[in-house]
Amino acid sequence: MGRLLANAAIVVVLALFGAALYAMSLQDYALAGVLFLSASIVIYYRENRLVAD
């Protein structure tokens, strides 16, 4: 189950990056910043909680 959640987190990160790039193309930089921050938090959570050492 842990590996499944770690892989799902990757999909979420990719979706957040895509949405942030789309927001940047619309010149909505505040939304893009929040999305990039969210992606970095998901990456941090994945590396520290979901991936076994």
Side-chain angles (χ1 to χ4, degrees):
M1 184 70 175
R3 181 63 76 186
L4 179 65
L5 290 175
N7 290 339
I10 293 171
V11 172
V12 170
V13 167
L14 291 175
L16 288 169
F17 275 142
L21 291 174
Y22 181 70
M24 286 181 66
S25 71
L26 297 177
Q27 296 182 351
D28 190 355
Y29 300 118
L31 177 60
V34 169
L35 291 169
F36 279 126
L37 178 64
S38 300
S40 67
I41 290 170
V42 172
I43 291 169
Y44 175 81
Y45 179 75
R46 179 187 182 272
E47 293 299 320
N48 286 317
R49 303 288 181 176
L50 297 178
V51 178
D53 289 327

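- A chain of hydrophobic side-chain contacts below 4.5 Å, direct or via other Ile, Leu, Val, Met, Phe, Trp or Tyr residues, connects Tyr29 to Leu35.
- Atoms CZ and CD1, from Phe17 and Ile43 in turn, are 4.5 Å apart once rounded to the nearest 0.5 Å.
- Taking CG of Leu16 as the start and CG of Leu21 as the end, the distance is 11.0 Å to the nearest 0.5 Å.
- Phe36 and Val12 fall within the same hydrophobic cluster, where Ile, Leu, Val, Met, Phe, Trp and Tyr residues are linked whenever their side-chain heavy atoms come under 4.5 Å apart, directly or through other members.
- Considering all non-hydrogen atoms of both residues, Ala6 and Arg46 come closest at O-NE, 3.0 Å.
- Under the 4.5 Å side-chain criterion, counting only non-hydrogen atoms from C-beta, Leu14 is not in contact with Val11.
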Does Val13 form a side chain to side chain contact (heavy atoms under 4.5 Å, CB included) with Ile10? I'd like the steps, not just the answer.
CA-CA 5 Å; Val13 167; Ile10 293 171; 5.7 Å; no
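- Linking ILVMFWY side-chain heavy atoms closer than 4.5 Å, directly or via other members, places Val42 and Leu50 in two distinct hydrophobic clusters.
- A distance of 11.5 Å separates CG of Leu31 from CE of Met24, quoted to the nearest 0.5 Å.
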